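Below is one structure, written out as structure tokens; the observations come after it.
All values below come from the heavy atoms of this structure, side chains included, with hydrogens, waters and symmetry mates left out. Letters A, B, ... mirror the listed sequences (proteins, then strands); counts begin at 1. Quick caveat: nothing in here was measured; it's all calculated off a predicted structure.
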Amino acid sequence: MAELLRTHPLEAWTAAFERLPDTVRIAAEPYVAMVDVRLGTVGPGASTALGVDLPTAPNTWVPAGAGRAVWLGPDEWLLTSPTEAPEELEGRVRAAVVGLGGSATDVSAQRIGLRLAGARVRDVLARGCSIDLHPRVFGRGSSAQTTLGQAGVVLLALSDAGDDVAVLVRSSFAGYLADWLLDAALEFTTTPDR
Amino acid sequence: MQLIACPWCGPREEVEFSYGGQAHVPYPDSPAELSDEQWAHYVFHRDNTRGRFAERWNHSAGCRRWFNAIRDTATYRFERVYRLDDPKSVTP
């Protein structure tokens with residue numbers, strides 16, 4: 001019987017990513033557990049139970065342990081954890097919020113992450129993203145749900161210099177977005193010697 | 001491209017939004033007592049205003065929240081946006 005192995009959606013793009021110059025470095029992030037949290041009101045009780053102050057300012061994210069807590073809406077957040085299994089994270093978060101009238105759903109399989117770093121990252125993203133990514137308004141801690149090359153993404157600013165961005169994209173769109181990013185980065189790549 | 005100011009996310013491109021029709025159409029108090037004609041009026045009949053019109057919009061590519069907007073149907077200009085729980089804006 002054939003053995004079914006779990007593969008990363010961007011495994012086939014690894015070699016292409018490695019050929020990119022230092023000004024535009026793209027890497028596929030490993031799988032992390034993600035949970036979608038719905039909670040009407042955020043108070044001290046939620047912070048204590050979850051161990052993180054959920055961000056209430058629109059379009060922001062905060063570190064949550066080794067993972068992140070991303071604002072998705074006035075009553076919706078995305079919690080990620082690279083150290084817990086999806087069902088562990090879901091169980092822990094659900095136990096924390098269900099008493100407060102909230103809910104938690106495992107959405108680990110929905111999105112995967114890409115990490116873009118380098119001086120030209122903003123130029124590459126600007127090819128297909130209309131929001132202002134200048135570090136003056138999109139510094140570390142900022143996030144944005146928008147479209148990049150017409151694919152829906154969540155952008156997370158990881159540095160105050162605007163040269164380090166995480167892109168969360170639906171797994172089924174990951175290959176398309178990887179191709180799109182490689183094309184957008186083409187003008188910053190050097191032609192190999194023949 | 002026109003920017004629409006999402007009440008949560010701020011100004012974003014129009015393609016991130018989807019249209020939701022006329023705002024402030026109240027659900028009937030007792031739908032079971034309506035005649036077919038009255039029900040059809042609730043379901044299908046909408047104002048066809050020329051000028052300022054209160055509409056529902058959804059920031060579908062962003063925070064996915066519904067909000068209301070006053071838009072001029074002749075010029076397509078958005079005059080203001082407000083959240084669903086804000087009172088109905090006065091339109092002349």
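Residues of residues 141-178 of chain A placed with any heavy atom under 4.5 Å of a heavy atom in chain B are listed by number as Ala144(A), Gln145(A), Thr146(A), Thr147(A). Residues of residues 58-66 of chain B lying under 4.5 angstrom from chain A, judged on non-hydrogen atoms, are Ala61(B), Gly62(B), Cys63(B), Arg64(B), Arg65(B) in numerical order. Residues from residues 14-39 of chain A that place a non-hydrogen atom less than 4.5 Å from a non-hydrogen atom of chain B comprise Arg38(A), given in numerical order. Applying a 4.5 Å heavy-atom cutoff, none of the residues of residues 106-121 of chain A approach chain B.
Remark: Arg77(B) CZ is loosely packed, at most 12 non-hydrogen atoms of other residues, nucleotides or ligands lying under 6.0 Å away. Taking a 6.0 Å sphere around CG of Asp85(B), one finds it holds more than 12 heavy atoms contributed by other residues, nucleotides or ligands.
The hydrophobic cluster containing Leu78(A) does not contain Val97(A), counting ILVMFWY residues as joined when their side-chain heavy atoms lie under 4.5 angstrom apart, directly or transitively. Taken together through direct or relayed side-chain contacts under 4.5 Å among Ile, Leu, Val, Met, Phe, Trp and Tyr, Leu133(A) and Leu181(A) form part of one hydrophobic cluster. With hydrophobic clusters built from ILVMFWY side chains whose heavy atoms lie under 4.5 angstrom apart, Phe44(B) shares a cluster with Val25(B). Phe138(A) and Val124(A) fall within the same hydrophobic cluster, where Ile, Leu, Val, Met, Phe, Trp and Tyr residues are linked whenever their side-chain heavy atoms come under 4.5 Å apart, directly or through other members. The hydrophobic clustering, which links ILVMFWY residues whose side-chain heavy atoms are closer than 4.5 Å, places Val52(A) and Val42(A) together.
Between the CD atom of Glu13(B) and the SG atom of Cys129(A) there is a distance of 9.0 Å, given to the nearest 0.5 Å.
Considering every non-hydrogen atom in both Pro58(A) and Trp8(B), the closest pair reads CB-O, 3.1 Å.
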